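See structure below.
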Amino acid sequence: MARDNMNKNKYVVFDMVKILKEETDFTHPMKQHQLVDKLHEMGYGTDRSTVRRTMTDLVMDSKSRVRSHSNEAHDEKDCLNETYYSGLYYDQEFSDAELRWLIDGILYSRNVPHEARKDLIEKLCNLGNIHFRKNLNLTKIRRLAADEPVNPELFRNID
C-alpha cells in the first residue's frame with residue numbers, strides 16, 4: 001500500500017495541472033486550499049505547503065501555462081500564518097472567444113459534412129474548461145439539407 005502511495009505521489013504535479021486546466025481560466029481562478037481539497041478528493045495526502053512549493057515552481061517557469069494573479073504566494077495567510085496562492089489559473093491555449101469563433105465557422109461552413117461538423121465541434125468544446133462548456137449553447141447545429149453540396153473527402157483533400 002505504501003508503495004502505491006509513493007507511485008501515486010509522483011503524479012501529483014500532473015494532476016494539479018490537470019485540475020487547473022479543467023476548472024480554471026483567468027476569470028475563474030482557484031484558491032490554493034481549493035486545489036488541496038480537489039487533490040484530497042483524488043486520494044492524495046498533500047498539504048498546502050507542498051502545493052505552494054509546487055505552484056511556485058510552476059508559476060515561475062516561463063514554459064508552464066500555470067499562472068497566478070500575483071505571481072507570488074503573498075495573497076492571503078491561513079490560520080497557521082503561512083502564505084499561499086489565492087489566484088491560481090491555467091492559461092488556456094484558446095480563449096473562449098476564439099473557441100466560439102472556430103465553432104461558429106464550422107457551424108456555418110457549407111463544405112463540412114454534418115457528422116464531421118459534430119465531431120469537430122465536440123473536439124473544440126473539449127479544448128475549453130468546464131466554464132466554457134457550461135455556457136456553450138449548441139442548439140444551432142442543423143442538419144444539412146439534401147440539396148446542399150457535401151464533400152465527403154474534404155479532410156483527405158486538406159491533407
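Note that the coordinates shown come from a computational prediction; the quantities given were computed from them, not determined experimentally. Just the heavy atoms: all of them, side chains too, but no hydrogens, waters or symmetry mates, feed the values below.
- Between T46 and V12, the shortest heavy-atom distance links the atoms CG2-CG2, 3.7 Å.
- Judged as a salt bridge (Lys or Arg N to Asp or Glu O under 4.0 Å), and not counting sequence neighbours, the contacts of R133 are E22.
- P29 places none of its side-chain heavy atoms less than 4.5 Å from the side chain of L88.
- Between L102 and F94, the closest side-chain pair of non-hydrogen atoms falls below 4.5 Å.
- Between T50 and R53, the closest side-chain pair of non-hydrogen atoms falls below 4.5 Å.
- Rounding to the nearest 0.5 Å gives a distance of 10.0 Å between CD1 of I106 and CH2 of W101.
- I121 CD1 to D104 CG: the interatomic distance, rounded to the nearest 0.5 Å, is 8.5 Å.
- Partners of K21 under the salt bridge (Lys or Arg N to Asp or Glu O under 4.0 Å) rule, at least two apart in sequence or in another chain, do not exist in this structure.
- For E23, the side-chain hydrogen bond (donor to acceptor under 3.5 Å, both in side chains) test picks out K38, with sequence neighbours left out.
- For the atom pair N129 CG and T27 OG1, the distance stands at 7.5 Å (nearest 0.5 Å).
- Note that CE of M30 and CG of D25 are 11.0 Å apart. Values are rounded to the nearest 0.5 Å.
- Residues L39 and M16 come closest through the heavy atom pair CD1-CG, 3.7 Å.
- Side chains of L20 and V17 form no contact here, defined as non-hydrogen atoms less than 4.5 Å apart.
- The side-chain contact (heavy atoms from CB on, under 4.5 Å) test applied to D119 returns no partner, not counting sequence neighbours.
- Judged as a ring-ring contact (aromatic ring centres under 6.0 Å, His included), the pairs with a partner in residues 16-68 (not counting sequence neighbours) are, in order, F26-H69, F26-Y89, H28-H131.
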*Could you walk me through whether N135 and R100 pass the side chain to side chain contact (heavy atoms under 4.5 Å, CB included) test, one step at a time?*
CA-CA 11 Å; N135 295 325; R100 284 190 171 103; 3.9 Å; yes
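- Under the salt bridge (Lys or Arg N to Asp or Glu O under 4.0 Å) criterion, E98 pairs with no residue, sequence neighbours left out.
- Note that NZ of K123 is 13.5 Å distant from CD1 of I103, once rounded to the nearest 0.5 Å.
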*Give the C-alpha distance, both sets of side-chain angles, the deciding distance and a yes or no for side chain to side chain donor-acceptor pair (under 3.5 Å) between D57 and T54.*
CA-CA 5 Å; D57 292 342; T54 304; 5.8 Å; no
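- Proximity of T24 to R67: side-chain heavy atoms (C-beta onward) are nowhere separated by under 4.5 Å.
- Taking the side-chain hydrogen bond (donor to acceptor under 3.5 Å, both in side chains) definition, one finds that E93 meets it with Y90, sequence neighbours left out.
- Through side-chain heavy atoms spaced under 4.5 Å, either directly or across other Ile, Leu, Val, Met, Phe, Trp or Tyr residues, I130 is tied to no other residue.
- Residues D61 and V66 are not in side-chain contact: their nearest non-hydrogen atoms beyond the backbone lie 4.5 Å or more apart.
- Here the side chains of L35 and M55 are in contact, with some heavy-atom distance below 4.5 Å.
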